[in-house]
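One structure is given below, encoded as structure tokens.
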Amino acid sequence: MRWTQTFIPTLKESPTDAEIASHKLLLRAGLIRKLGAGVYTFLPLGLRALRKVEQIIREEMDRAGAMEVLMPAIQPKEIWEQSGRYETASGVLFKVKDSAQRDWVLSPTAEEVITSLAANEISSYRQLPKNFYQVGVKFRDEIRPRFGLMRAKEFIMKDAYSFDTTDEGAMASYHKMYEAYQRIFARCGLKAFPVEADTGVIGGNYSHEFMVPAETGENDVVYCEACGYAANLEKATSGLPKTAPRDIGPAVEKFPTPGVVTIEALAKEPYKVAANRQIKTLVYILDSRPVIILVRGDDQLNETKLMARTGAVAVRPATADEIVPLLGAKPGSLGAVVNVPSEVPVYADDRLQGANDMTTGANEDGFHFRNVSLERDIKVTQWFDLRTVKVGEPCVKCNQPVKIQRAIEVGHVFKLGTKYSEKLNALYLDEAGKQHPAVMGCYGIGVTRTLQAVIEQSNDKDGIVWPIGTAPYTVCITPLSVKPDSDVMKLAEQYYAELTAKGVDVILDDRDERPGFKFKDSELVGFPIRVGIGEKSLAKGEVEIKPRSGQLIVAKRDDAVAKVLELVAAA
RNA sequence: CGGAGCGUAGCUCAGCCUGGCUAGAGCACUUGCUUUGGGAGCAAGACGUCGCAGGUUCGAAUCCUGUCGCUCCGACCA
């Protein structure tokens with residue numbers, strides 16, 4: 001491709017709405033343009049990079065035995081109601097009506113469609129296992145689109161769905177995808193690693209996310225350098241011991257605490273109750289039903305765990321107006337010792353199990369109880385792991401201190417089980433003629449997000465530093481004179497023809513611009529290899545090869561193509 | 001949805017508080033000349049419903065009301 005024949009609108013300054021490096025560079029390097037919040041046009045260069053990522057994904061999915069299909073992005077409301085997700089995923093579903101007032105969903109994912117297909121087309125164990133995938137546009141009614149392609153209303157996703165006869169088969173399918181994902185991200189030039197993950201409204205019981213470490217990510221990953229344990233903070237547990245029991249008096253004791261409504265205030269003079277000897281009492285509304293939640297004073301409730309443990313679809317903290325009539329006191333004086341309505345369940349964090357000598361609110365403004373025993377004084381409906389892990393806690397597997405890292409989620413694999421196949425009747429007959437639901441898995445990769453993650457991970461002060469696998473063009477030939485009959489331009493044309501014939505993606509910067517301008521542009525866009533041809537060095541029979549991330553190489557004019565091919569092969 | 005902020009040329013922004021003649025700068029763009037190994041110089045030029053609607057006023061980019069869009073923080077997040 002010749003630079004003058006494509007469209008690469010680079011910007012010296014970055015538009016104000018870009019906040020993070022990768023978003024700025026996507027705009028500045030002329031890869032994308034914004035149409036509206038979370039909605040972007042891919043320009044020629046951006047589309048080429050996107051296609052590279054897609055191509056890698058297709059090759060690895062095919063290699064792993066999956067088949068490509070293409071499913072509708074417009075889906076009837078009914079199948080979403082059948083799976084139950086019309087309600088549970090309601091917050092992010094794009095819902096539309098056609099002119100006949102029929103309801104449709106713009107697809108955020110395709111479990112319903114593929115499972116309907118399997119229900120109709122697959123009837124025998126002889127047809128299994130199968131894994132279908134597609135690459136296409138997905139929609140999500142993001143409340144707040146952010147960071148360019150990272151969190152958009154419309155994006156490209158690769159989604160795959162496996163069907164097996166048995167749980168073991170499903171695990172095998174899962175692992176094939178898990179391995180394919182590792183290959184895909186490595187080929188994209190990304191440092192991505194798998195972590196244990198929550199399954200959210202997709203459902204299922206086993207799941208990993210593929211994370212790219214980045215401070216601008218929207219996830220926190222807990223990991224242990226000693227043993228390799230890694231989990232999303234929403235899922236992670238640690239090896240902290242339970243609260244140590246002590247010798248205590250025979251009964252709880254009420255004491256006045258006027259104006260004290262925080263853990264911190266109670267920890268100070270004159271009360272001096274350490275946070276780890278306090279019970280934090282929270283009231284939440286789980287699917288419109290109030291519950292009391294107890295965690296230790298120095299712990300934070302993890303709302304994702306709360307949803308996962310209770311199966312709730314929507315959780316939110318109760319408001320003060322809801323709490324007062326329920327427990328008789330305002331937040332800050334709440335507890336679960338007395339005055340707990342019998343229909344309100346009490347869920348307590350495991351770490352409080354067996355704890356005593358604790359202090360908690362008395363459900364009376366301005367009063368607390370001390371000398372509280374969880375066992376003796378509180379009727380706990382159910383114990384759960386509900387707390388959020390903190391940096392430095394002992395690893396749940398090996399007891400070494402864990403670390404926490406921000407990260408971008410680029411892929412997610414789920415073992416779904418039979419949740420969808422049961423609801424949508426994807427049944428098969430086994431050898432004995434007995435009917436079973438297929439055991440499913442689903443596997444997503446955010447393609448556009450992956451592209452941006454590559455840029456977020458690979459850039460410097462001058463611009464993007466494309467890994468060779470995802471670069472829109474691998475080589476940029478930069479003649480410093482573009483006069484058609486000049487030796488410089490003739491050689492540039494020759495290199496262009498030779499490299500193109502060898503299957504290398506080459507762009508020839510044939511713009512009649514000053515050298516500095518062209519150099520800056522090629523570095524901003526980030527082509528992995530630049531071949532510079534100038535009159536002065538050519539007079540000595542030399543040209544310059546500049547890897548974007550390495551030292552300048554001076555090559556003889558007749559060796560340059562071989563040298564470039566060598567660099568491409570080595571990458 | 002709660003909080004904060006911003007909408008003026010393709011981009012970055014000034015002007016608004018304290019209303020006043022013809023709405024500005026830099027970059028980008030067009031033409032010419034010069035320049036030619038790290039985002040050139042000079043000259044000339046083109047580009048604006050000042051987000052939109054209404055109001056106040058002799059007069060509104062500027063003040064008021066409404067509305068739409070965008071950004072950030074929070075909530076949310078397959």
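A quick note: this is a predicted structure, and the numbers were derived from the prediction, not measured. A, B, ... follow the sequence lines: proteins, then strands. Residue 1 opens every chain.
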- Query: Given that both distances must come in under 3.5 Å, which nucleotide forms a Watson-Crick or G-U wobble pair with B:rC11?
  - Reply: B:rG26
- Stepwise, does the salt bridge (charged side-chain N to carboxylate O under 4.0 Å, His left out) test hold for A:Glu60 with A:Lys176? CA-CA 10 Å; A:Glu60 294 301 332; A:Lys176 265 190 207 167; over 6 Å; no
Under 3.5 Å, N/O pairs linking protein and nucleotides 67-74 of chain B:
residue : atom : partner  : partner atom : Å
B:rC70  : OP1  : A:Ala37  : N            : 3.0
B:rC70  : O3'  : A:Lys34  : NZ           : 3.1
B:rC73  : OP2  : A:Arg144 : NH1          : 3.4
B:rC73  : OP2  : A:Arg144 : NH2          : 2.1
B:rC73  : OP2  : A:Arg146 : NH1          : 3.2

- Message: Looking only at the side chains, is there a donor atom on one of A:Tyr133 and A:Asn131 sitting less than 3.5 Å from an acceptor on the other?
- Response: no
- Item | Pair A:Lys97-A:Asp103, salt bridge (charged side-chain N to carboxylate O under 4.0 Å, His left out): steps then yes or no | CA-CA 5 Å; A:Lys97 275 188 196 299; A:Asp103 291 302; 2.9 Å; yes
- Residues that A:Glu112 engages under salt bridge (charged side-chain N to carboxylate O under 4.0 Å, His left out), provided they are two or more places apart: A:Arg85
- Message: Going by the rule salt bridge (charged side-chain N to carboxylate O under 4.0 Å, His left out), which residues pair with A:Asp349 if we only count those two or more places apart in sequence or in a different chain?
- Response: none
- Could you give the distance separating B:rC33 and B:rG38 at their P atoms, to the nearest angstrom? 24 Å
- Report the residues that fulfil salt bridge (charged side-chain N to carboxylate O under 4.0 Å, His left out) with A:Asp164, sequence neighbours left out, ordered by chain and then residue number. none
- Query: The side chain of A:Pro515 lies closest to which of these nucleotides: B:rG37, B:rU35, B:rA78?
  - Reply: B:rG37
For residues 480-491 of chain A, which side-chain N or O atoms pair as donor and acceptor with protein atoms under 3.5 Å away, sequence neighbours left out?
residue  : atom : partner  : partner atom : Å
A:Ser481 : OG   : A:Lys483 : N            : 3.4
A:Ser486 : OG   : A:Lys483 : O            : 2.8
A:Ser486 : OG   : A:Met489 : N            : 3.1

- Message: Using the C1' atom as the point on both nucleotides, what is the distance between B:rC63 and B:rA44, in whole Å?
- Response: 40 Å
- Expressed as a whole number of Å, how far does the C1' atom of B:rC58 sit from that of B:rC21? 14 Å
- Task: Tell me what A:Glu234 touches on the nucleic acid: a base, only sugar-phosphate, or nothing, going by heavy atoms under 4.0 Å.
- Result: nothing
- Which nucleotide in B:rG39, B:rU12, B:rG37 has an atom nearest any side-chain atom of A:Arg28: B:rG39
- Message: Per the side chain to side chain donor-acceptor pair (under 3.5 Å) rule, what does the pair list look like for residues 214-223 of chain A, sequence neighbours excluded?
- Response: A:Arg151-A:Glu218, A:Glu215-A:Gln405, A:Thr216-A:Glu456, A:Asn219-A:Asn232, A:Asp220-A:Arg406
- Pairwise P distance for B:rA61 and B:rG19, with rounding to whole Å: 14 Å
- Item | Whole-Å P distance, B:rG26 and B:rA9 | 16 Å
- RNA chain B-proximal residues of residues 314-322 of chain A, any heavy atom under 4.0 Å: none
- Query: Under 6.0 Å between ring centres, would you say that holds for A:Tyr181 and A:Phe210?
  - Reply: yes
- Near RNA chain B, under 4.0 Å by heavy atom, which residues of residues 526-539 of chain A? A:Arg530, A:Gly534, A:Lys536, A:Ser537
- Between the side chains of A:Thr109 and A:Asp159, is a donor N or O closer than 3.5 angstrom to an acceptor N or O? no
Find every protein N or O atom lying less than 3.5 Å from an N or O atom of nucleotides 23-33 of chain B, and list the pairs.
residue : atom : partner : partner atom : Å
B:rG26  : N2   : A:Glu13 : OE1          : 3.2

- Message: Would you measure the distance from the C1' atom in B:rA53 across to the matching atom in B:rC11 and give it in whole Å?
- Response: 28 Å
- Query: Of all residues at least two apart in sequence or in a different chain, which pass the salt bridge (charged side-chain N to carboxylate O under 4.0 Å, His left out) check with A:Asp17?
  - Reply: A:Lys34
- C1' atoms of B:rU31 and B:rA46, separation to the nearest Å: 10 Å
- Rounded C1' spacing from B:rA14 to B:rA25 in Å: 7 Å
- Task: Starting from P on B:rA78, measure out to CE on A:Met157 and report it in whole angstrom.
- Result: 12 Å
- Residues forming a side chain to side chain contact (heavy atoms under 4.5 Å, CB included) with A:Ile156, sequence neighbours excluded: A:Leu50, A:Glu54, A:Val135, A:Val137, A:Val447, A:Thr448
- Item | ring pair (Phe, Tyr, Trp, His ring centres under 6.0 Å) partners for A:Tyr347, two or more places apart | A:Phe384
